[in-house]
Peer 1: 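This structure is in structure tokens; I'll ask about it shortly.
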Amino acid sequence: MSTETTNAALFERAQAVIPGGVNSPVRAFRAVGGTPRFIRSAQGAYMVDAEGQRYIDYIGSWGPMILGHGHPAVLEAVQRAATEGFSFGAPTEREIELVEAIIEQVPSVEQLRLVSSGTEAAMSAIRLARGATGRSLLIKFEGCYHGHADALLVKAGSGLATFGHPTSAGVPAEVVQHTMVLEYNNVEQLEEAFALQGAEIACVMVEPIAGNMNFVRSSVPFMTRLRQLCTRHGALLVLDEVMSGFRVALGSAQSLYAKLIPGFKPDVSVFGKVIGGGMPLAAFGASRAVMQHLAPLGPVYQAGTLSGNPVATACGLATLREIAKPGFFDALAAKTKRLVDGLETVAREEGVPLVGDCEGGMFGFFFAESLPQNYKTVMAGGTERFNRFFHAMLDRGVYLAPAMYEAGFVSAAHSDADIDATLEAARTALRA
Ligand SMILES: Cc1ncc(COP(=O)(O)O)c(C=O)c1O
């Protein structure tokens, strides 16, 4: 690796050999324009780019780095695990430990299968739901992202009785013919879809707190009705907690809804990000009865060479042990709230309409008068304003997600001084 280089030079070099210069599209800064920063290293709440510029990091690898970068306990666990062996293709005790640690916090899950990415976990959860119910139809919501499995790359059709259209080339229309896309937080549409096709619905997959359209909560009436309709019609409710899991609360978003809706629990849960602590690890889980449908016990096939990888499980386990310590989430939530409240205050003082919301270590803010409830209202405006703000913040050493429709993340490593510095940067950036 060259020592004297620029982000622009690296981007140029990357584009010659990697499509768009990146290995995941949002990293390319297409939404906000400009040159992506190539990160050389990260420690605590900071990342340093190829030019030696330091940033306060509010992406945290898009969620996993809840402890910040290079937490000593995690680093030690990973180093020890790497010395013991990278991958065996045979079971290890640590897989059991990690699964037990997850299940301990999420009572709706009795059994869990480990995989390597959120995409794989969500895709497998759908196959499981279809196999367990013997039905094909899948309902998802506009603005929710569940990874890039073919059946999930769909946008809404023109009416409820029509099915979605692929949002990616390479996904045949026939592949999404069993996927119905509804509006998030729209109870009437939900009622109508179940009235029309309730007996064919295998599962409804939803992000309980959507982090892929910035930060939008499922309303309590919406989640309540969703649970009732799934139960009544024998469909499985699949909560995609890849982002919200162990990030908004130790018991994940489902624990928050369980406090608000008596008896609430999902049938299937999907996890990723925090449970791997920054290593490629994800999982899906359900009751023992549902999970018995999976191979090798049942007829639903699912497998993975690197599933439950020993280094990844060590990283995830060390991370979960830290976040389970008393007071961890209260401190993280207070810090995140301080950031979001501060942004609202600074914006008000600068005469800029801005509203924010947060839960645990996850947050979002909108250049709007009130919090949007669905994808359409999230995307209704503010793009140009956000892009200017994003670049002005980046220039001042604050790294926000490079797109208006992405959530932000605070880690335990962010100090009050980091939040203050961020708010100070925001005051100037809002004038940009
Ligand atoms: C809610 C949700 N589900 C699934 C995924 C896909 O996970 P991965 O990128 O690990 O494949 C993501 C990724 O951001 C996500 O936010």
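One-based numbering along the sequence shown. As the structure lists them, so they are numbered: ligands from 1, and atoms in each ligand from 1.
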Peer 1: Between R113 and E120, is the closest basic N to carboxylate O distance under 4.0 Å?
Peer 2: no
Peer 1: Under 3.5 Å, sequence neighbours excluded: what are the donor-acceptor pairs made by side chains of residues 58-75?
Peer 2:
from: Y58; atom 1: OH; to: T422; atom 2: OG1; distance (Å): 2.6
from: H69; atom 1: NE2; to: D57; atom 2: OD2; distance (Å): 2.7
from: H71; atom 1: ND1; to: A73; atom 2: N; distance (Å): 3.1

Peer 1: Before you tell me yes or no, could you show the steps for E84 and R80 under salt bridge (charged side-chain N to carboxylate O under 4.0 Å, His left out), namely the whole-Å CA-CA distance, both residues' side-chain angles and the distance that decides it to 0.1 Å?
Peer 2: CA-CA 6 Å; E84 287 165 2; R80 191 162 7 95; 5.1 Å; no
Peer 1: Under the ring pair (Phe, Tyr, Trp, His ring centres under 6.0 Å) criterion, do F141 and F222 qualify, and how do the steps go?
Peer 2: CA-CA 12 Å; F141 299 93; F222 178 73; 5.3 Å; yes
Peer 1: Considering only distance and modelled atom types, tabulate donor-acceptor pairs under 3.5 Å from the side chains of residues 205-213, sequence neighbours left out.
Peer 2:
from: E207; atom 1: OE1; to: G211; atom 2: N; distance (Å): 2.9
from: E207; atom 1: OE1; to: N212; atom 2: ND2; distance (Å): 3.1
from: E207; atom 1: OE2; to: Y145; atom 2: N; distance (Å): 3.0
from: E207; atom 1: OE2; to: N212; atom 2: ND2; distance (Å): 3.2

Peer 1: Anything with a heavy atom under 4.0 Å from ligand 1 counts, so go ahead and list those protein residues by chain and number.
Peer 2: S117, G118, T119, Y145, H146, G147, E207, N212, D240, V242, M243, K273
Peer 1: Got a list of side-chain donor-acceptor pairs under 3.5 Å for residues 388-403, not counting sequence neighbours?
Peer 2:
from: R388; atom 1: NE; to: E384; atom 2: OE2; distance (Å): 3.2
from: R388; atom 1: NH1; to: A432; atom 2: O; distance (Å): 2.7
from: R388; atom 1: NH2; to: E384; atom 2: OE1; distance (Å): 3.1
from: H391; atom 1: NE2; to: V32; atom 2: O; distance (Å): 3.0
from: H391; atom 1: NE2; to: G33; atom 2: O; distance (Å): 2.7
from: R396; atom 1: NH1; to: A392; atom 2: O; distance (Å): 2.8

